[in-house]
There are 2 protein chains.
Amino acid sequence: MDSGSANEAGAGHWRVAVVEDHLLQRRGLVSVLRAQRGVRVVHEGESLPDLVGWLAAGSAASAPDLLALDLHVDRGLSVDPDVVRGLVRDGIKVLVVSEMTSLPLVRQVLRAGATGVVSKRDSIADVVAATRTVLGGGRWMTRELGEFLAREGDRPALSDQEERALVLYASGSTIDQVATALGVKRETAKTYVDRVKSKYAAAGRPLRTKVDLARTALADGYLD
Amino acid sequence: MDSGSANEAGAGHWRVAVVEDHLLQRRGLVSVLRAQRGVRVVHEGESLPDLVGWLAAGSAASAPDLLALDLHVDRGLSVDPDVVRGLVRDGIKVLVVSEMTSLPLVRQVLRAGATGVVSKRDSIADVVAATRTVLGGGRWMTRELGEFLAREGDRPALSDQEERALVLYASGSTIDQVATALGVKRETAKTYVDRVKSKYAAAGRPLRTKVDLARTALADGYLD
DNA sequence: CGTGGTGTCCCCCGATCGTGGGACAAATGA
DNA sequence: TCATTTGTCCCACGATCGGGGGACACCACG
């Protein structure tokens, strides 16, 4: 499909960018990647905005093939799924390197187009394998996330608004609070929640009450 | 207090009973205990009722000092906390040997007077140490339970009825269903739940909604 | 070109919740 | 002994839930 985007492995090298806010961990990750044949680390940064700025400054040909992205949510700094979506659209593959602290965030980034997830607790061999797999166009999932992907079957696909509504509602918000937070009318928020229920019911997991939603949202990784 | 109950270590031996439904695990536990100096295994059984029957048949002097009790909840066979309470009242110390499958049950048995908990995943040395400690009148807790005991501070003490009401209500039952299950009037069940809220509020953890209760009940080990 | 999913909004209505009172007897504990 | 806790029951009222119905526009997939 993306036959237009040229530099997939220019001069036999994959171009990799690393975004990770912890210096030590970043150094570690970078050194592991550098040691890999055919891999060139073209950017190291603390945050996604840094990377975006760097991309804007450089030529299109300098764009990386892969972004190894940490998902630490310390200091209020979070990763914006929309930014990830943009990068993916630009042909950059995304590998999440995470502590799995926030399952919902991992989900969002995955939905934004990331094609791999490794845990920092995984072995170096696993990290390398993940990098190779994602660069090759494949998907890579840590064992820790396997259980959730395995259950993906009986978990219905929710739309963006439905998921946001579920998260808020299942956290204890009233319908009115959900509506306000989403910037829609009460009836609309109600519809979202109703549709979540319908979808789960269609998947053979009827959720009637708010408590059911809370329990399920937790079990299915929508809440922490 | 129990200065009347004589045979605490008659002839230098502690009398121990083992109740565990899995034959292999029971054999293992019994052999570990037998290998201990000064310990005599006087009863092996599959269930608590078996032990009670055996106790009723024998003389008071044959009663054990310690009961090593498994908490497996397979095949619908559960452990009745009231029976445990009775044994404790008779001067028998209780050590729970569990897989920690059901935290609520562990809690109930602890409240019924058990003074020790070991996990089957603990080392043999730990099991032995736990046995000694409990026989000596002390308390023993697996590390796995330590986190919960540590948080015991900001978790208010709930009465039996309050805990039962919380468990049911937080699982999704309506007040009416809780009332029916407990065999009391709607208003009474309402009072129980209200008191749970009051206690948590007094402990600095206000719980206003049903979802709050569900979340907290899960976090505090009242639900699985 | 229709079908389905999505985003948005609207109405009704009975059930349930959350909060505020009050009462009283038994048990517990300081 | 007196205060607290517990178990039990009762009432009222506004907020919220849960289920049902309908509507319409957009967009994508086939």
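Order of the sequence lines fixes the chain letters, A, B, ..., with proteins taken first and strands second; residue numbering starts at 1 for each chain.
Using a 4.0 Å heavy-atom criterion, one finds that A/Asp194 contacts no nucleic acid atom at all.
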Sort me out a list of protein N/O and nucleotides 15-17 of chain C N/O pairs below 3.5 Å, or just none if empty.
| unit_1 | atom_1 | unit_2 | atom_2 | d |
| --- | --- | --- | --- | --- |
| C/dC17 | OP1 | B/Lys210 | NZ | 2.7 |
| C/dC17 | OP2 | B/Ile175 | N | 3.1 |

Quick test: give all pairs of protein nitrogen or oxygen and nucleotides 25-29 of chain C nitrogen or oxygen below 3.5 Å, distance rounded to 0.1 Å.
none

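Formation of a donor-acceptor pair under 3.5 Å by the A/Thr191 side chain with backbone atoms of A/Glu187 is found in this model.
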Tell me, for nucleotides 6-11 of chain D in 5' to 3' order, what letter each nucleotide earns: B for a base near a protein heavy atom under 4.0 Å, S for only sugar-phosphate near one, - for neither? BBBBBB

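Remark: A/Lys197 pairs with no residue by the side-chain hydrogen bond (donor to acceptor under 3.5 Å, both in side chains) rule, at least two apart or across chains. Every residue two or more places apart in sequence or in another chain that forms a salt bridge (charged side-chain N to carboxylate O under 4.0 Å, His left out) with B/Asp126 is listed here: B/Arg143. Every residue was checked against the ring pair (Phe, Tyr, Trp, His ring centres under 6.0 Å) condition with A/Trp140, not counting sequence neighbours, and none meets it. Residues passing the side-chain hydrogen bond (donor to acceptor under 3.5 Å, both in side chains) test with B/Thr180, sequence neighbours excluded: none. Residues forming a side-chain hydrogen bond (donor to acceptor under 3.5 Å, both in side chains) with A/Ser159 (at least two apart in sequence, or on another chain): A/Glu162. Among residues two or more places apart in sequence or in another chain, the salt bridge (charged side-chain N to carboxylate O under 4.0 Å, His left out) test is passed with A/Arg85 by A/Asp82. Considering only residues two or more places apart in sequence or on other chains, A/Arg215 meets the salt bridge (charged side-chain N to carboxylate O under 4.0 Å, His left out) condition with A/Asp212. Remark: A/Gln161 pairs with A/Arg164, A/Tyr192 by the side-chain hydrogen bond (donor to acceptor under 3.5 Å, both in side chains) rule, at least two apart or across chains.
Applying the salt bridge (charged side-chain N to carboxylate O under 4.0 Å, His left out) rule to pairs touching residues 174-186 of chain A yields A/Asp176-A/Arg186, sequence neighbours excluded.
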